[in-house]
Protein chains: 2
Amino acid sequence: MADTPTEADPDPHEEIMRATYRALREHGYADLTIKRIADEYGKSTAAIHYHYDTKDDLLTAFLDFILDQFKDTVHEVETTDPEQRLELLLDKLLVDPRDHQDLLVAILEMRSQVPYNDQFRERFQQNDEYVQYLLRTVIDQGIKTGVFDDVDTDHVAQALMIIVDGARTRAVVFDEEDSLETARQTAAEYVTAALVADD
Amino acid sequence: MADTPTEADPDPHEEIMRATYRALREHGYADLTIKRIADEYGKSTAAIHYHYDTKDDLLTAFLDFILDQFKDTVHEVETTDPEQRLELLLDKLLVDPRDHQDLLVAILEMRSQVPYNDQFRERFQQNDEYVQYLLRTVIDQGIKTGVFDDVDTDHVAQALMIIVDGARTRAVVFDEEDSLETARQTAAEYVTAALVADD
DNA sequence: CCCTTTTGACTAATCGGTTAGTAAGTACAT
DNA sequence: ATGTACTTACTAACCGATTAGTCAAAAGGG
């Protein structure tokens, strides 16, 4: 009857995270209840509470779960050429998400809870710092090897973050995946205008 | 006992909208209930239901309420110089919000409900189209008068929208109003690089 | 007197969370 | 191998609180 009548499912925690994912996708954060998660899990609500004391604990664990997924998709690439490295990183931030639209929605929605949840804010800030660090590193490398102009690394990294966030937000709100494409182009234009040495 | 024991408050609808605003700011969308709105309103929940049949009706009306406020802050400026007009428009989209942080939070939060609420999506799309129209108009005027290069108006307008949305999102999530400043600078850099004729 | 507005009391449903108890598996000494 | 003890993973039933929404009655100004 179940959709995966195969082998035993290993970790209940992992299963609950996936169930939370599905429940969130279907009902949205505001209407996300233990009951709905339990339904997706295929077990009782008490089963959820056996593994997670409170709803808050579960949601915090879930945020860690999806941010880990995000980190995986952005994971660094093996290239020594700074320009190519930056291009690939921006691709991962702006092109890849099209295949992970659900992840994008989940992240956006939980992010909008930041003003009301300290746990969420802490984790999103840390995640943001990580991505910004990746960008800064690539830009710095480019400057050191003379491929990029000697610009304000912090400013450029932040500017690119703004473009990335804007594009991802718009890709979710208006499902025009178009905006990811436009953003990719905009980011490229910005990099060329602000970074690439033209002397 | 009330905080405004002055004159008679005219429109109950307006008062309820303001109460909703306060309740939303304090508890967040996910924990926004009729009871909390009624508490802010200073009346019973039944009083709310007298003016709005359902919670959904109220929230849709509230979205119209805040989007109208947004439109007011962006309202066009009287200038004929395209470059100055664009600068002022970007200022309104990126500098002004610092004095309306609450409005920004409310909009962001309701926007993240778009995937689950058709009414919301419709209104946000219309609002977005309006802002984009303003941008396109200014850019077109600049091109016509030769101040701007003959660029793809649609693309540039969309690129600026991405920057604006990204900045506003980041300004809410990380309270660094810094990001609005950075975005303002980034937008200016982008305009210079992509629009201003340099021949 | 009427009409708008508001209240208090209510309902059915759902909320997050607790409880006692069960079934299956593991560990280990005998 | 067998009995005992303990752990993991769960269920059914239930808890008090809260949810959105209803309705008859009452308040109160024109």
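Letters A, B, ... are given to chains in the order of the sequence lines, protein chains preceding strands, and every chain is numbered from 1. As the structure is a prediction and not an experimental result, all values here were calculated from the model.
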Between atom CD1 in A/Ile48 and atom C1' in D/dA9, what is the gap in whole Å? 12 Å
So does A/Arg25 pair up with A/Glu109, basic N to acidic O under 4.0 Å? no
If only atom types and distance count, is the side chain of A/Asp11 paired as donor or acceptor with the main-chain N or O of A/His13 below 3.5 Å? yes
Hey, are A/Asp154 and A/Gln158 close enough side-chain-wise for a donor-acceptor pair under 3.5 Å? no
Nearest whole angstrom, please: distance from the P of D/dT18 to the CG of B/Leu32. 16 Å
I need the NE2-C1' distance between A/His13 and D/dC10, as an integer number of Å. 13 Å
Taking all heavy atoms of B/His155 and all of A/Thr182, pick out the closest pair and write down the distance. ND1-CG2, 3.7 Å
Quick one: is D/dT11 close enough that its OP1 or OP2 comes under 4.0 Å of any side-chain N or O from A/Tyr50? no
Touch class at under 4.0 angstrom, heavy-atom based, for A/Ser44 against every strand present: base
Spacing of A/Lys35 atom NZ relative to D/dT11 atom C1', expressed in whole Å: 14 Å
Starting at OH of A/Tyr52 and ending at P of D/dA9, how long is that distance when rounded to a whole Å? 11 Å
Measure from the side chain of B/Arg36, starting at C-beta and using heavy atoms only, and say which of D/dA9, D/dT19, D/dA20 lies closest. D/dT19
Please state whether the phosphate of D/dC10, meaning OP1 or OP2, lies under 4.0 angstrom from any side-chain nitrogen or oxygen of A/His51. yes
In whole angstroms, the gap separating P of D/dT19 from NE2 of B/His49 amounts to 11 Å
Heavy-atom pair of closest approach, residues B/Leu135 and B/Leu86: CD2-CD1, 3.9 Å
Name the residue closer to the 5' end of DNA chain C, choosing between A/Thr45 and B/Ala47 according to the nucleotide with the nearest heavy atom. B/Ala47
Whole-Å distance, B/Asp56 CG to D/dG21 P, equals 8 Å
Can you see which heavy atom on A/Pro97 is nearest to which on A/Lys92, and at what distance? CD-O, 3.6 Å
Residue met sooner reading DNA chain C from 5', once A/Thr33 and A/Ala46 are mapped to nucleotides: A/Thr33
Terminal contacting nucleotides, 5' and 3', DNA chain C versus chain B (heavy atom, 4.0 Å): C/dT4 to C/dG8
State whether B/Asp39 and B/Lys35 are salt-bridged, where the test is any N-O pair (Lys NZ or Arg NE/NH1/NH2 against Asp/Glu carboxylate O) under 4.0 Å. yes
